[in-house]
There are 2 protein chains.
Amino acid sequence: MTEDIVRRLGYMTLGTRLKRIGERLQAQTQTLISERESPEAGSVNSPVLAALWRNGPLSIGELTQAIGQSQPGITRMVGKLKARGLAEIGPDPVDRRISKVSLTEAGKDLVRRLEEGAWQTVEAAVTDACEGLSGSLLDQLGQLEDRLAARPLPKRVRVRVKAR
Amino acid sequence: MTEDIVRRLGYMTLGTRLKRIGERLQAQTQTLISERESPEAGSVNSPVLAALWRNGPLSIGELTQAIGQSQPGITRMVGKLKARGLAEIGPDPVDRRISKVSLTEAGKDLVRRLEEGAWQTVEAAVTDACEGLSGSLLDQLGQLEDRLAARPLPKRVRVRVKAR
DNA sequence: GACTTTAATATAACAAGTTATATAACTTCA
DNA sequence: TGAAGTTATATAACTTGTTATATTAAAGTC
């Protein structure tokens, strides 16, 4: 078994390491969401959906700030949401340079379902995986990687009794 | 200024968040390396170069383990290193399914320069950015993001007096 | 020793991010 | 008020990651 050099090199490869853990988390989250909701509710789109849900219609530029990603990336994501019938795009009536993005009824329905179900599940599973991590950033990342390898997110879901 | 929803959502979007910070770190690291070494020594390739440097020739499979990334990704990275004259690939004489990857002389020279220069600089800059982070994982990530925004890695390089 | 299974790598197609640049609409100011 | 500058978004091209599958070599098995 060859040694994990990215972990070994520590701060020198922190960027690579963070991306690596992030991709694993996203992949596991995607599995989790797909199991309980339509796969179109991808883990990658969730922040965009959540931003529109919480703030109402936003321009591409506002979404760029809300998500913290490059503008062309946001433009493409929004295009996909539109293609799936979850969002609408139209020019701002006052300043026609601005593209205003809003959720369709289907999009709002989806978010409602996600809020009640998959999103809560994801948050609980990730919280579980991160519970009690301690020490420096590198320490905590190491612990988190070990935990995700030992028990990935889908195995960290507890069946909840729905209040009635 | 629209609120940073990825930060706000906390554990639910931890994957997205880790990827985001990782990409920023890699981009800043790339700037740093390009400034003091040939741009072919990209931040993404560094782990592969380091693994080969420390362990000697490795198979694609061993590199996959060392880097913790998918096999096709490693195959492509290695292909690029080969195209740049930094690595060689050849079949293992005993088991001809195995592709053994090794550094060329040019590759070894590059690593020697990186070890003396750019890699140390990167490690020092990232260490500086992470110094004294405290609290939970989310806390530390928040602090790190703030610091990288306020003073990115290239501004965290201290000029060192070379011992002679 | 041919036949099947397993293992290692390569290839293809896709996903999601980036930078650089083009386009179109608004603003400024002489 | 029209030329020049600025801003918002779209588009193009690239990078780096992924999964699924094809290919080839080795290992078992009867």
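In this text the structure is predicted, and so the values were computed from the model without any measurement.
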### Message
How many whole angstroms separate atom CD1 of I74(A) from atom C1' of dA10(D)?
### Response
14 Å
### Query
Base, sugar-phosphate, or nothing: which does G73(B) touch, judged by heavy atoms less than 4.0 Å apart?
base
### Task
Mark yes or no for whether Q140(B), through its side chain, and C130(B), through its backbone, hold a donor-acceptor pair below 3.5 Å.
no
### Message
Looking at I67(B), is its backbone amide N or carbonyl O close enough to the side chain of R20(A) to form a donor-acceptor pair, meaning the two atoms are under 3.5 Å apart?
### Response
yes
### Query
Ignoring hydrogens and geometry, is there a side-chain-to-backbone donor-acceptor pair from Q28(A) to P152(A) under 3.5 Å?
no
### Task
Take D95(A) and T16(A), find for each the nucleotide of DNA chain D with the closest heavy atom, and name the residue whose nucleotide sits nearer the 5' end.
D95(A)
### Message
Please report the distance, rounded to the nearest Å, between CG in L63(A) and P in dA10(D).
### Response
11 Å
### Query
Within the pair R96(B) and dA26(D), is there a side-chain N or O less than 4.0 Å away from OP1 or OP2?
yes
### Task
May I ask you to check whether T75(A) and Q71(A) show a side-chain donor-acceptor distance below 3.5 Å?
yes
### Query
Any donor-acceptor pair under 3.5 Å linking the side chain of R156(B) with the backbone of R151(B)?
yes
### Message
Is there a side-chain contact between T75(A) and the phosphate of dA10(D), meaning an N or O under 4.0 Å from OP1 or OP2?
### Response
yes
### Summary
Separation of dA26(D) atom P from D92(B) atom CG, nearest Å, is 9 Å
### Task
On DNA chain D, check which nucleotide each of S70(B) and V94(B) is closest to and give me the residue with the more 5' one.
S70(B)
### Task
Round to a whole Å and report the spacing from CD of Q65(B) to C1' of dA7(C).
13 Å
### Task
Tell me whether the OP1 or OP2 atom of dT16(D) has a side-chain N or O from K19(A) closer than 4.0 Å.
no
### Query
Hey, does V78(A) reach any base, or is it just sugar-phosphate, or nothing, if we go heavy atoms under 4.0 Å?
nothing
### Query
Hey, does Q71(A) reach any base, or is it just sugar-phosphate, or nothing, if we go heavy atoms under 4.0 Å?
base
### Summary
Of the listed dT6(C), dT18(D), dA10(D), the closest approach to the R97(B) side chain comes from dT6(C)
## Note on the structure
I98(B) atom CD1 is separated from dA8(C) atom P, nearest whole Å, by 7 Å
### Query
Taking the side chain of P72(B) as heavy atoms from C-beta outward, which of dT9(D), dT9(C), dA20(D) is closest to it?
dA20(D)
### Query
Are any of S99(A)'s side-chain N or O atoms less than 4.0 Å away from OP1 or OP2 of dA10(D)?
yes
### Atom pair distance, as rounded to whole Å: CZ in R76(A) and P in dT11(D)
12 Å
### Task
Pick base, sugar-phosphate or nothing for K80(B), based on heavy-atom distances below 4.0 Å to the nucleic acid.
sugar-phosphate
### Task
Mind calculating the distance between CD (Q30(B)) and P (dC14(D)) to the nearest angstrom?
17 Å
### Query
Rounded to whole angstrom units, what separation is found between the NZ atom of K100(A) and the C1' atom of dA25(C)?
16 Å
